[in-house]
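Notes follow once the structure below has been shown.
Chain identifiers are assigned alphabetically (A, B, ...) following the order of the sequence lines, protein sequences preceding nucleic acid strands; residue numbering begins at 1 within each chain.
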Amino acid sequence: MPSLGLFLSQLFNGLALGALLALVASGLTIIFGTLGLVNFAHGALFAFGAYAGFVTYGLTHSFVLALAAGALVTGLLGLLMEWSLIRRYYARPPEDQILVTFGIGIVIVESLRMAFGGLTQNVPQPAWGRGILNLHYFFYPVYRLEVLGIAALALFGLYLLIYWTRLGLIVRAGIEDPLMVRMLGIRVPRVMTLVFGIGAVAAGFAGVVYAPIVSAAPDMGSSVQVQSFVVVVIGGLGSFPGAVVGGIIAGEILSLTSMFDPAYSDVALYALMALMLFVLPRGLLGTEGRG
Amino acid sequence: MSRLRALRAEGIVLAVLALLPWVAPALHVPADVLTRSLIWGLFGLGFDILFGFTGMLSFGQAAFYGTGGFVSAWLLTSGTLSSVPLALLIGMAAATAYGLIVGYVSLRRVGIYFAMITLAFGEMSFFLENSPLAAWTGGENGLPGVPTPSLGLFGHVYAVKAGWPLYAFIATIFFAGYVVARRIVASPYGVVLRAIKSNPRRAPAVGHDAQRYKLSAFVLAAAYAGLAGGLLGVFQGYMPPDAFFLSTSGQLVLSTVIGGRATLIGPLIGAFTWIDLRSVLQQVPHLGAAWKLIFGAVFVVIVTLFRRGIFTISWNPGDVHAVGVELPSD
């Protein structure tokens, strides 16, 4: 059996990774809930955010500015994506929506590769995140704790946005009954553009936060995207609480199983997903979805 | 006469495949580019039955491509088998069996869920290959030393060498796969598959067990993928782990859509487009990685403006759609 210290430190790793996955997946789930499409470019937006943060950090040497710029620029890219292409797809079959976002994702990732090369770019941890903390039972890197805090704060921000603002009200109403929202005279297309932008902000922000842990690379988003898909399958597609719960579960599975045998950690995650499909095909908190 | 007309597509494909060894060198297209395209084309025949004809967008086909490839390659490199065709068949059978399991689970959800779940199973298969099964698959290194086939013809043993002989071997298999796929989509069974695509609710309502048809299409696609994966190892003399990559599944989707869905030959044309573009751009400094950017941008344009792909823009084969009953196009 692993020691208590190892167990606790893996538990924290799982929480930090889980909060990050929850953030990425909640962007995915908000977009799906409102727009009815799954964004296959979500991983690319994650990588784009990491690079935007990397460039900003190089220019300003401020991690806070890197976070802000990464989130903002990715959000703008999201607005542009929705406004230029994705809105033309709402009336088309779901397969076409997947294909176009998948294609946009390739264009983003390959543009990053052309601009920065295929090698990984090291993004330094912020000055206030360096060092190791003695938590009595185990030593733990400060930055990972901060990742947990930052991601939790961002999730809380999203929660406030969805449940306590007028825009959030429209978004939730749109998930329930899009036709009625339109009949009430709300300019749905503008809301949809904005929602896609918010989803992109969540992915880009998570990308900046994650970059110091793994380094930025053009393909860094692809495994995160698949994991966030698993998160929404577990949590229920279109449900914000589902994304949070699913994210934590996925993060814990990935890190707790790697304590026993790292070779099986990813496999265990997908095995859980397969199990969920048998027991609860709609996910933990999913409703009768559009899928 | 109508029987002959129905075989027109087969005749054209056969003629083009047979003429290419004489035409391609004049156009500066190497044999390896064509052989690799044919492997992708074979991989795409099954995928087109699944996606183009039945309407199920899977992002996890690499799982079966890799399974077929690694099972065949392991049989040949471990000394278990010496016959390449037999190893290819066993690899194909293994991929088919795996397709049955994955399909059974994935088909519990449809549409976007199906795309996400197959993507996840594709990734799971990569991780299985990469670590728990690394003792057999070589993990990140793959399996080197896959032999080329030796065929017994009229008492002589003929070793198929790399280059045009291997092209001929793989082109023959592709052509056989193409003829079978044409038979499948033109059969009453194929008509039901298209009915499921054009109206997923109506097909079961008129009494077809849609779930079983979908599963069978999924298994068929896995079988084609497994055979293509086995050929990849034979072609390269090495079975690479990137057969299991997500990007392999994605590349298949790109090839099929760019070439033209529901045409059977579209994936081959789409694959040839990027494989040739890549081999040309690799000789240009600083542009070696640009092929995928170009290909991705072209893909977005095609999905947005020309839904039926380059093949159907340039030449509509008509007879693929004119079999049996006429179904409304989507």
**Report entry** Contact summary for Gly296(B) and Ile106(A), nearest pair of heavy atoms
**Finding:** CA-CG2, 3.9 Å

Report task. Select one option (side chain, backbone, both, neither) describing which atoms of Leu246(B) are under 4.5 Å from chain A's heavy atoms. Result -> side chain

Query raised in the report: Is it the case that more than 12 heavy atoms not belonging to Leu280(A) sit under 6.0 Å from its CG atom?
Result: yes

Report task. Mind ranking Ile108(A), Asp219(A), Leu99(A) by heavy-atom pairs under 4.5 Å with chain B and telling me who comes out on top? Result -> Leu99(A)

Requested in this report: Return the set of residues passing side-chain hydrogen bond (donor to acceptor under 3.5 Å, both in side chains) with Ser255(B) (not counting sequence neighbours), or none when no residue passes.
Outcome: Trp274(B)

Report summary line: Turns out that what part of Phe245(B) lies under 4.5 Å from chain A's heavy atoms comes down to neither

Report task. May I ask you to test the Arg282(A)-Arg109(B) pair for a side-chain heavy-atom distance under 4.5 Å? Result -> yes

Query raised in the report: Take atom OH in Tyr104(B); do more than 12 heavy atoms of anything else shown fall under 6.0 Å from it?
Result: no

Report task. Measure the spacing between CG of Leu119(B) and OH of Tyr270(A) and express it to the nearest 0.5 Å. Result -> 8.0 Å

**Report entry** Most chain B-contacting option - heavy-atom pairs closer than 4.5 Å, from Val100(A), Leu269(A), Asp266(A)
**Finding:** Asp266(A)

Query raised in the report: Which heavy-atom pair separates Phe32(A) from Ile112(B) by the least distance, and what is that distance?
Result: CE1-CD1, 2.9 Å

Report task. Quick one: closest heavy-atom pair of Ala289(B) and Glu110(A), and the distance? Result -> O-OE1, 4.0 Å

Query - Enclosure of Glu140(B) CD (heavy-atom neighbours >12, cutoff 6.0 Å) - result: no

Query - Residue-level interface, residues 123-136 of chain B with chain A, non-hydrogen cut-off under 4.5 Å - result: Glu123(B), Met124(B), Phe127(B), Leu128(B), Ser131(B), Pro132(B)

Query - Over 12 foreign heavy atoms within 6.0 Å of OH, Tyr264(A) - result: no

**Report entry** Heavy-atom closest contact (Val230(A) atom, Ala120(B) atom, distance)
**Finding:** CG2-CB, 4.0 Å

**Report entry** Heavy-atom pair with the smallest gap, counting every atom of Phe40(A) and Ala115(B)
**Finding:** CZ-CB, 4.0 Å

Query raised in the report: Can you tell if the side chain of Phe299(B) reaches within under 4.5 Å of the side chain of Val107(A), non-hydrogen atoms only?
Result: no

Report task. Please state whether the side chain, the backbone, both or neither of Phe295(B) comes within less than 4.5 Å of a heavy atom of chain A. Result -> neither

Query - Engaged part of Ser265(A) at the chain B interface, taking heavy atoms whose separation is under 4.5 Å - result: neither

Query - For chain B, the option from Leu37(A), Asp96(A), Leu85(A) that forms the most heavy-atom pairs under 4.5 Å - result: Asp96(A)

Report task. Answer yes or no: are there more than 12 heavy-atom neighbours, outside Arg108(B) itself, under 6.0 Å from its atom CZ? Result -> yes

Query raised in the report: What part of Ile294(B) is in contact with chain A, defined as an atom under 4.5 angstrom from a non-hydrogen atom: side chain, backbone, both or neither?
Result: neither

Query raised in the report: Going through the checks in order, is the side-chain contact (heavy atoms from CB on, under 4.5 Å) test met by Phe59(B) and Ile98(A)?
Result: CA-CA 10 Å; Phe59(B) 268 90; Ile98(A) 292 173; 3.5 Å; yes

Query raised in the report: With no hydrogens and no angle check, is any side-chain donor or acceptor of Arg92(A) less than 3.5 Å from a backbone partner on Thr304(B)?
Result: yes

Requested in this report: Return the minimal non-hydrogen interatomic distance between Tyr113(B) and Gly236(A), and the atom names on each side.
Outcome: OH-C, 4.3 Å

